Each structure stands twice: as C-alpha cells, then as structure tokens.
Amino acid sequence: MHSRLWHALAATAALLASTAATAVAAPDTPAADPGDRAPIAGSTPAWATPHTEVARSNGNTVRHIQVALALRDQPGAERLAAQLATPGSAEHGKFLSSRAFLDRFAPTQDAVDQVSRWLGAQGLHVTGVSANRHFVDAEAPTAAVESAFGTRIAAFRARIDGATRTLTAPASPVTVPASLRASITAVLGLDDSAALLKPHHTRPAASAAAAAEQHCARWWGEQNNTDVPQNYPAGSQSNSLCGYTGTQVRAMYKLDNGNTGAGTTIGVVGAYNSTTVVADTNKAAAQLGVPPLADGQYSAVLPQGGFTDAAECGADGWAAEQTLDVQASHTIAPGAKIRYYAGKSCKGIGIYDAFNQAVTDNAVDVISNSYGNADGEASLPQAARDQFNSMALQAAIQGQTITVSTGDAGNNSGPVGHATASFPSSSPWVVAVGGTSVGLDQNNQPKVLTGWENTGNTQTGNSWVPQRDADGPFASGAGGGTSALYDAPDWQAGVVPGAGGKRAVPDIAALADSYTGMLVGQTIKGQFGIGSYGGTSLASPLIAGLVADAQQARSGTARAGLLTPVLYSLKSSGAIADVVPQKAGVWTPMMHAFGGVAVPGGQGSYLIDFDARPQNLQSAPGWDTVTGLGTPGNGFISALSQ
C-alpha cells in the first residue's frame, strides 16, 4: 500500500514541480542582474492572450507581489507526506512540527537573502518574509516590476464566469536571472486571477426568503403544496425546507453529546472579516440548539494594514461565507476552537497569504476552504496553483487536514463553457467535498438522501415544464468531474471509474442543497436574522467539524493529516454511506441564485427535481462525481478515529 501510494503521489509531484527545479543549495548570486534570464513557465493565465489585450498598465501604479521560493528536496517531502498518510507505514502519523519542517524542507535563509538582495537591486522594496520562508514580499511601481521580471503588465478583457471582465496580467512569461531560477518558482501578485476566487454558498435574497418562509417545511413533508401538480408519490414531494437547526444537523450525522471536537482547533480561510460573527453565532445558537461560543473559543488572524478592494470583491458575500463556515463547523464540533484567517482582498495574494498563514502557524488541526476558481481550473496560472499545492504539502507533513468545497455550478459548463473540475478542490493534497440533498422527517430520520444536482421546472397550467435558461434546466449542484491537470493519486486507483488516470473529485460529500439547507444567523445592515444557507461552502466546514470530532476520539487527540487515503480505505465499510439517485423534489415560490447558474428571478411556482442528471453529473452506486465515496454514515467518527 505504501509503495503504490508513493508512486502515484510522486507522479503528481512531478507534474506540480515540472517548471521548478529543487533548490538544494542556493547559488552565490550577486545583487545585480547578470543578464542571463530564465522563464518561469506557467506564469501567465489562459485568458491573457494577444487578442484579449486592451491596454498597457499604468507604470506608476504600485504593485504588491510575493516571490515564491522552492522547497528543498520536494521529492523527499512528497515521499514523506505519502508515508505519513498511509496506514501501516512505519512513518504513519509521525507528523513534523513546523520548526522541523522548516529545518528539513523550507527554502534556506541564504536563498531568501540572495533573492531579497536581487529584488532590492532592481528597485523593489522588500517588505517581509513569511515565517516558513515560502514567500518574499515586495512592492514597487509597475514599471520597476516589469523591468525586474522581464515582462509587460497589461489589461485584458475576457469573458469569465458568465461575465466580461477587465483583468491585469503579464503579457509574456515572467523571467528571472538564470542563477536564481532554481530558487524562484513563481511571482504572485502580477495578475488578477485571484479575483476569480469566489465563495461557494448562497443565502436566498430577502424577497426570496420572505416568500419561502410563508410556505417552507420544518422537516421533510411537514408542508406540501397540494395545489400544484404532484410529480412524485406521496412522501416524496415536499415544500422546500426552512433550513435545519443545529440539533437536526447533528442528528443527520449521528452525533451524540460526547462528539464535541474538544481539544482540537478548526481553521477557516476566507477574505475580509465580519465584526459581528461571534455575536451572530451566539444569537443563532440560542435558537438552534447549539452551545454558544465560550470566551476565547473563537479568534481571528487579520492582515497587517487592513483590507483592500472591498467593494470590487463583494466583501459582504465573504462575510456571509465566514459566518456560515464558523457556525457550520461549530454546530458539528461545538467544543473545538475556531481560528479564522482573513485575506486582505480577493485579489492578488490575499487569500493565498491567509492560507499560508494558517499552514505556517500550525495552530489548527483542520483547515476549511469554501472557495474556488470561478473559471474551473483554468483561470489561475500554473505557477500560482503550484504554490497552493506546495503549502498544502507542508500542511500534510504537519498533520493538518485540508477540506475544500467543489463548487455550486455542477460541471461548470455554464460559467466556463465546457465541463471542468474546480481548483483548489482538484488539488491532490486536499479532501474535495461535494454535496447532498437531505430530507429528514420529524424524528430526524432521512426520508431523502441523494446527490445535490438540481433540475428546475416552472408550472405551466397543470404541468411542470423544464426550464430553458442559458444552462438548460440545471438549477444548482455540487461541482465534480475529472481534473485536466493532476494525475490520479494511488488511493483512487480501482475506485474511480472512467477518470483516465486523472485526479477525480469529489472525495466525500455533506449537506449542501440550499432547498434542504442549514439555518445560519447573520447581522446584515444592522439587522440580525436567521435564514437557510446552502452550497458546498456548507459541506466543507461540516466535514471539517467531523474531522475534529474524530480527532477528539483519537488517542491523545492525534491529528489525521492527509485524510484521503484513510477515506478511500473506508469504502464499502458502512462508515461512509453510498449515495444514489432518489426520485424526489421540492416545490418553491422562489428559486435560489448561485454564482454561474441561470435561474428565473421572479416569484412563481417552481419544482426542483433532485439528482435527475440536468448535466452530466449524477450520483451512482460506488464512487461518483457528485458525492465521491458517499456521505458520512453510521460509525464514521469511530472508523475515522482509528
């Protein structure tokens, strides 16, 4: 098992590091640029092409960048990560401290110094170095940055995520002195690809919420509008749900009073910061059957210098994401500490900087990431994606588990134009979390459990007519499919059908359908309210909470680390419940709007069919492209804690 796991992870590592040589020892480089240049392949995003360029960037605009440095012995780090994750390996579970990782694999201080000196000689001001020596931060006018990296920064106009955007990027590959190329793997902050990272959740707008609350069901079938055509047998059609309480969600995953995550810490990565998140969580807890946050149980790590680009990035949406993530993880693991890492912006290096801080601090056991690329895998340049994978590799070696939502636009054919998985959920170093639609009865027993792929229908007379929007009848659903970038890790061998030797997502799934969502309390424009939220942004922190509960049950509250090999070892064990299509649906007076998904916007009479294959994604026996292996079932915590 160990050798097979390492073989596949090594193949993935070779792809991730294909443009970066291993920096075993930094060269002795003079401060001045010697003239010989080497390109950094994969440093331009796919949308930055000559025919999409519209303008040259202002040379006086100050740009804040991060120069990413190569790990020492990346193949050795890959091998160790595999050994640490493999049950039965002599190294299994013997994770390194952040100090030990730094001493063994991080870039050397000499490499940092040489790169810093060169940047200074090119007129860039070095503003800091990350604690794990992964990034050297610098700033300078755009003209100086262009000169230093041998490129030209321009504005490009491209259609991404269903909208035409103007974004900046290098017009040609970034170059660095050949003598430093082994040390430098990427330059982040030169393009706006990170602006295409978006949270994966929805909360119905106020008008939709008000309409739904007049008709919603507190449990499956409590309310069923019989004045509309009944497309399903009795018991299989319901009004959309009001949103589950904390008590109901805990019952959904068979948690008892002892499953609290005590002794663990959950990390949440996002952008911006809600100043009311603690008060909102405690107000909601009082109504939803969840203990309040204790003093000191929640903390936030905020960026130096405050936040930027709030209006352009939709800071309110990120605040809703933060609130959802905190309350979802707290519901599942009410005794766990929660630490929120805030990116200063959705643009540039903001979110990756926050993620790196969560890894570098090594103070959290599991890190939930409820965001992804609006353009599937394509919008981030390869060099930038490699940095996430490098940080995730460090997390795996330190024993930190990373969960990532797979998205809410199904196969992404609507916003992207073709089927594609999303990054970073397609990274081989994370647990990719898909979604389910769940209908609990009055006794919190599942009447409906199926994959979250919704089909929209509009009532016309006495019949339901499938909608014909820009993406057809598709009305929302978990992301999934096959990566175009990464090879299949060994733990997916023989489990994932038809993937063509590529990484496939998701790995596991949890509640995500907003029509069967979870109640969350949030203050919006000074008014506190509780409403139903959904999206794989809900599923990711739910799984993170379950990982914390399992860690609590493990001897010495030992960490799990890279969790996927263990999850795949549990297939067919009963600890992970298989999810298959189930003929059921909900009536709603308003449809829920997810990013990149076209649905009617007005009030009316609509039927949502569950898991009826509106695109090419549907749950199925065994592993599938909606729920992966399935969803946590009876004995999941016990099996995961072994």
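Not measured: the values here are computed from a predicted model.
Side-chain contact check for His215 versus Trp587: some heavy-atom pair is nearer than 4.5 Å. Contact annotation: the side chain of Tyr244 approaches that of Val249 to within less than 4.5 Å [non-hydrogen atoms, C-beta and beyond]. Taking 4.5 Å as the limit, every side-chain heavy atom of Thr564 sits out of range of all side-chain heavy atoms of Val566. Between Trp220 and Gln237, the closest side-chain pair of non-hydrogen atoms is not below 4.5 Å. By the 4.5 Å heavy-atom criterion applied to side chains, Leu629 and Leu570 are not counted as neighbours. Using a 4.5 Å heavy-atom cutoff, the side chains of Leu542 and Leu511 are in contact. The shortest side-chain heavy-atom distance between Asn369 and Ile402 falls under the 4.5 Å cut-off.
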Yes or no on side-chain contact (heavy atoms from CB on, under 4.5 Å) for Arg339 and Val301, after CA distance, side-chain angles and deciding distance? CA-CA 7 Å; Arg339 179 174 289 196; Val301 179; 3.8 Å; yes
Kindly indicate, with the supporting measurements, whether the criterion side chain to side chain donor-acceptor pair (under 3.5 Å) is fulfilled by Glu222 and Asn239. CA-CA 8 Å; Glu222 187 222 8; Asn239 287 7; over 6 Å; no
Determine, step by step, whether Tyr341 and Phe355 satisfy the ring pair (Phe, Tyr, Trp, His ring centres under 6.0 Å) criterion, reporting the C-alpha distance in whole Å, the side-chain angles of both residues, the deciding distance to 0.1 Å, and the verdict. CA-CA 7 Å; Tyr341 289 87; Phe355 179 68; 9.5 Å; no
The test is side-chain contact (heavy atoms from CB on, under 4.5 Å); show your working for Asp280 and Gln327 and say whether it passes. CA-CA 9 Å; Asp280 289 346; Gln327 293 183 26; 4.1 Å; yes
Working note: Gln467 + Tyr606, criterion side chain to side chain donor-acceptor pair (under 3.5 Å); need CA distance, chi angles, decisive distance, verdict. CA-CA 10 Å; Gln467 291 158 5; Tyr606 308 104; over 6 Å; no
Could you go through Ser514 and Ser532, starting from their C-alpha distance and side-chain angles, then the distance that decides it, and tell me whether this counts as side-chain contact (heavy atoms from CB on, under 4.5 Å)? CA-CA 7 Å; Ser514 58; Ser532 181; 5.6 Å; no
Trace of the side-chain contact (heavy atoms from CB on, under 4.5 Å) decision for Thr455 with Phe474: CA-CA 5 Å; Thr455 301; Phe474 177 73; over 6 Å; no
For Phe423 and Phe388: C-alpha separation, side-chain torsions, deciding distance, then whether ring pair (Phe, Tyr, Trp, His ring centres under 6.0 Å) applies. CA-CA 10 Å; Phe423 187 83; Phe388 179 92; 5.6 Å; yes
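Under a 3.5 Å cut-off, the side chain of Gln615 and the backbone N or O of Asn411 do form a donor-acceptor pair. In terms of modelled atom types and a separation under 3.5 Å, the side chain of Thr360 and the main chain of Asn356 share a donor-acceptor contact. Here the side chain of Gln248 pairs a donor or acceptor atom with the backbone of Arg218 at under 3.5 angstrom. Distance alone, capped at 3.5 Å, places no donor-acceptor pair between the Gln322 side chain and the Gly270 backbone. Distance alone, capped at 3.5 Å, is enough to place a donor-acceptor pair between the Asp256 side chain and the Asn259 backbone. Without hydrogens or angle criteria, Glu453 side chain to Val626 main chain gives no donor-acceptor distance under 3.5 Å. Checking side-chain atoms of Asp513 against main-chain N and O of Thr436 turns up no donor-acceptor pair under 3.5 Å. Under a 3.5 Å cut-off, the side chain of Ser405 and the backbone N or O of Gly407 do not form any donor-acceptor pair. For Arg559 (side chain) and Val364 (main-chain N/O), a donor-acceptor pair under 3.5 Å exists by modelled atom type. For Ser638 (side chain) and Gly635 (main-chain N/O), no donor-acceptor pair under 3.5 Å exists by modelled atom type.
Between Lys447 and Asp441 there is no salt bridge, since no side-chain nitrogen of the basic residue lies less than 4.0 Å from a carboxylate oxygen of the acidic one.
Nearest heavy-atom pair, Phe594 versus Gly535, reported as atom, atom and distance to 0.1 Å: CE2-CA, 3.9 Å. Between Ala217 and Gln223, the closest heavy-atom pair is CB-N, 3.6 Å. The shortest non-hydrogen separation linking Gly434 to Pro506 is N-CB, 3.4 Å. For the residue pair Ser238 and Gly221, the shortest heavy atom distance occurs at OG-N, 3.0 Å. Summarising the geometry of Gly435 relative to Thr627, their closest heavy-atom pair is O-CG2, 3.6 Å, with the distance given to 0.1 Å. Minimum interatomic distance between Ala251 and Asn444 (heavy atoms only, all atoms of both residues): CB-CB, 3.6 Å.
By the side chain to side chain contact (heavy atoms under 4.5 Å, CB included) test, Gln459 pairs with Val228, Pro229, Trp464, Ser605, sequence neighbours left out.
Side-chain contact, Asp365 with Gln400: no donor N or O sits under 3.5 Å from an acceptor N or O. Between the side chains of Gln552 and Thr264, no donor N or O sits under 3.5 Å from an acceptor N or O. Looking only at atom types and distance, the side chain of Glu321 has a donor-acceptor partner in the side chain of Ser537 under 3.5 Å away.
Across Val438, Thr516, Thr536, Leu617, a single residue satisfies side-chain contact (heavy atoms from CB on, under 4.5 Å) together with Trp452, and that is Thr536. The one candidate from Leu449, Ile543, Asp578, Ile576 that meets the side-chain contact (heavy atoms from CB on, under 4.5 Å) condition with Thr631 is Leu449. Of the residues listed (Thr625, Asp611, Asp624), the one engaging Ser619 in a side chain to side chain donor-acceptor pair (under 3.5 Å) is Asp611, and it is the only one. Evaluated for a side chain to side chain donor-acceptor pair (under 3.5 Å) with Ser422, the options Thr406, Asn412, Asp408 yield exactly one hit, Asn412.
Within the structure, ring-ring contact (aromatic ring centres under 6.0 Å, His included) contacts touching residues 275-308 (residues at least two apart or in different chains) are Tyr272-Phe307.
Aromatic ring orientation, Trp318 versus Tyr371: tilted (interplanar angle from 30° to 60°).
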